There are 2 protein chains.
Amino acid sequence: MDGNKKQAIQEDTAARLRAAGLRPTRPRVALASLLLGRGHRHLTAETLHAEAAKAGVRVSLATVYNALHQFTEAGLLRQVVVDAARSYFDTNTGEHQHFFCEDDGRLIDIPGDAIAVSHVPAPPRGMAVRRVDVVVRIKRG
Amino acid sequence: MDGNKKQAIQEDTAARLRAAGLRPTRPRVALASLLLGRGHRHLTAETLHAEAAKAGVRVSLATVYNALHQFTEAGLLRQVVVDAARSYFDTNTGEHQHFFCEDDGRLIDIPGDAIAVSHVPAPPRGMAVRRVDVVVRIKRG
DNA sequence: TCAACAGTTTAGAATTATTCCAAAGAAGAA
DNA sequence: TTCTTCTTTGGAATAATTCTAAACTGTTGA
């Protein structure tokens, strides 16, 4: 990737962060660029931290955790809970669901219009539905 | 609960464990009796450990973890992943789904015949669907 | 009835993911 | 600039869970 393009992405990212009410600090812009620059992906804090390191961005793990949560809060990411051991974050915030491969922990998107959940009962009085998550657990065999 | 009834439950439980290929040791029979004796419940390792202590059963937390996993493996329990922080176990192994209240971490059953997931795509080649989990995340408001 | 083996339990250490903390550093406003 | 506020950071702290090695118990077969 050449320098101009990289800079353009970063300016774009900075604008998105500002729009989300987040100061476009260097760590945040770097992480958000990595996250949102390429196509949709599923990643953990460790994964992102390693990716940042490989890209020459030196950020602490604490900052990665902070950023992931702030981005999620801001609607730039979606957190996916499928495995008790670790938290995944999905750069695809559109309506969709997941296959979860229990053998290797991989997540695969299921387009939102390919799957449907019907007859979700009304939640208890005073409660509102925030989201309906479907996880199709698969394994070899 | 009188002694005879308690003993009957324990013998019944021992038989279930044996049938599942698990030696009906004292800790396992005690935990399984607590778990399966009353109606369906959702609990964590800590919860069960505390409940055992209250019932006068002294088991280590490691044993509780072992038992929960073995019972799950044996189909006596079902593990529910909704919260990255802790693991829930459900004594209801029948087909059903859950509301998850994000405010207080409570789980509420949704009967299996009340909800339907349609058009689940075929899993990738060589993979088999183990289960389809639906979590309806709700919160106050 | 009992020896002997394999499977279990246990306390506590170890591990893992994540959060907390207090001090040092950077962004935005005036 | 300078000030204020928000951020970052390394490292300590936490929390859930797993591991470990030694002690123990259920079961089997003599």
Side-chain angles (χ1 to χ4, degrees), chain A residues 10-11 13-34 42-53 56-74 76-77 79-89 105 107, chain B residues 10-11 13-34 42-53 56-74 76-77 79-89 105 107:
Chain A
Q10 295 204 335
E11 276 168 20
T13 304
R16 288 188 74 176
L17 290 177
R18 232 184 298 268
L22 293 170
R23 246 189 222 177
T25 63
R26 193 136 78 77
R28 290 214 270 236
V29 171
L31 292 176
S33 295
L34 281 173
H42 305 110
L43 34 110
T44 66
E46 292 290 352
T47 311
L48 178 56
H49 188 240
E51 208 169 294
V57 182
R58 220 181 96 282
V59 283
S60 76
L61 196 50
T63 299
V64 172
Y65 275 104
N66 287 339
L68 285 173
H69 289 139
Q70 292 153 352
F71 294 175
T72 300
E73 191 81 9
L76 269 42
L77 292 178
Q79 188 167 4
V80 184
V81 180
V82 284
D83 184 346
R86 70 183 124 276
S87 277
Y88 289 84
F89 292 84
L107 281 172
Chain B
Q10 295 203 335
E11 275 168 21
T13 304
R16 288 188 73 176
L17 291 176
R18 231 183 300 265
L22 294 170
R23 250 190 220 177
T25 63
R26 195 137 76 76
R28 291 213 268 237
V29 171
L31 292 175
S33 295
L34 281 173
H42 304 110
L43 33 110
T44 66
E46 291 289 352
T47 311
L48 178 56
H49 188 241
E51 208 170 294
V57 182
R58 218 182 97 281
V59 283
S60 76
L61 196 49
T63 299
V64 172
Y65 275 103
N66 287 340
L68 284 173
H69 289 141
Q70 292 154 351
F71 294 174
T72 300
E73 190 81 9
L76 269 42
L77 292 180
Q79 187 167 5
V80 184
V81 180
V82 284
D83 184 346
R86 71 182 121 277
S87 278
Y88 289 84
F89 292 85
L107 281 172

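Proteins come first, then strands; the chains are lettered A, B, ... in the order of their sequence lines, and each starts at number 1. Keep in mind that the numbers below use all heavy atoms, side chains included, and drop hydrogens, waters and symmetry copies. Since we're looking at a predicted model, the values are computed, not measured.
- Not counting sequence neighbours, the partners of A:H42 by the ring pair (Phe, Tyr, Trp, His ring centres under 6.0 Å) test are A:H98.
- Take B:E51 and apply the salt bridge (Lys or Arg N to Asp or Glu O under 4.0 Å) test, not counting sequence neighbours, and it matches B:R41.
- Between B:L48 atom CG and D:dA16 atom P there is a gap of 15 Å when expressed in whole angstrom units.
- The OH atom of B:Y65 sits 3 Å away from the P atom of D:dT17 (whole-angstrom rounding).
- Under the 3.5 Å distance criterion, the side-chain polar atoms of B:Y88 are matched with a main-chain donor or acceptor of B:G105.
- As rounded to whole Å, 10 Å separates atom C1' of D:dT25 from atom CZ of B:R26.
- Here the C1' atom of nucleotide C:dT9 and the CG atom of B:L68 are 15 Å apart, to the nearest Å.
- Regarding A:N66, its CG atom lies at a distance of 13 Å from the P atom of C:dT18, rounded to whole Å.
- Between A:S87 and C:dT18, a side-chain N or O to OP1/OP2 separation shorter than 4.0 Å is present.
- Computed from coordinates, the B:H49 NE2 to C:dT9 P distance equals 13 Å when rounded to whole Å.
- The shortest distance between the side-chain N/O atoms of A:R18 and the OP1/OP2 oxygens of C:dG28 is below 4.0 Å.
- Just one residue in the list B:T25, B:L31, B:V29 forms a side chain to side chain contact (heavy atoms under 4.5 Å, CB included) with B:L17, and that residue is B:V29.
- One N or O on the side chain of A:R28 and one on the backbone of A:R23 form a donor-acceptor pair closer than 3.5 Å.
- Not a single donor-acceptor pair under 3.5 Å links the side chain of A:H49 to the backbone N or O of A:A45.
- Not a single salt bridge (Lys or Arg N to Asp or Glu O under 4.0 Å) links B:E73 to another residue, sequence neighbours left out.
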Please list, pair by pair, any protein nitrogen or oxygen found under 3.5 Å from a nitrogen or oxygen in nucleotides 11-16 of chain C.
{"from": "C:dA11", "atom 1": "OP1", "to": "B:R58", "atom 2": "NH2", "distance (Å)": "3.2"}

All N/O pairs under 3.5 Å across the protein-nucleotides 4-7 of chain D interface:
{"from": "D:dT5", "atom 1": "O2", "to": "A:R23", "atom 2": "NH2", "distance (Å)": "3.3"}
{"from": "D:dC6", "atom 1": "O4'", "to": "A:R23", "atom 2": "NH2", "distance (Å)": "3.1"}
{"from": "D:dC6", "atom 1": "O2", "to": "A:R23", "atom 2": "NH1", "distance (Å)": "3.4"}
{"from": "D:dT7", "atom 1": "OP1", "to": "A:R28", "atom 2": "NH2", "distance (Å)": "2.8"}
{"from": "D:dT7", "atom 1": "O5'", "to": "A:R28", "atom 2": "NH2", "distance (Å)": "2.8"}

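- To the nearest angstrom, P of D:dA16 lies 17 Å from CG of A:D83.
- Applying the side chain to side chain donor-acceptor pair (under 3.5 Å) test to B:T44 and every residue at least two apart in sequence or in another chain returns B:T47.
- When heavy atoms are screened at a 4.0 angstrom cut-off, A:H69 is found touching the sugar-phosphate backbone but no base atom.
- Of the candidates C:dT18, D:dG26, D:dT9, D:dG26 carries the atom nearest the B:P24 side chain, counting heavy atoms from C-beta on.
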Determine, stepwise, if the pair B:F71 / B:L22 fulfils side chain to side chain contact (heavy atoms under 4.5 Å, CB included).
-> CA-CA 9 Å; B:F71 294 174; B:L22 294 170; 3.9 Å; yes

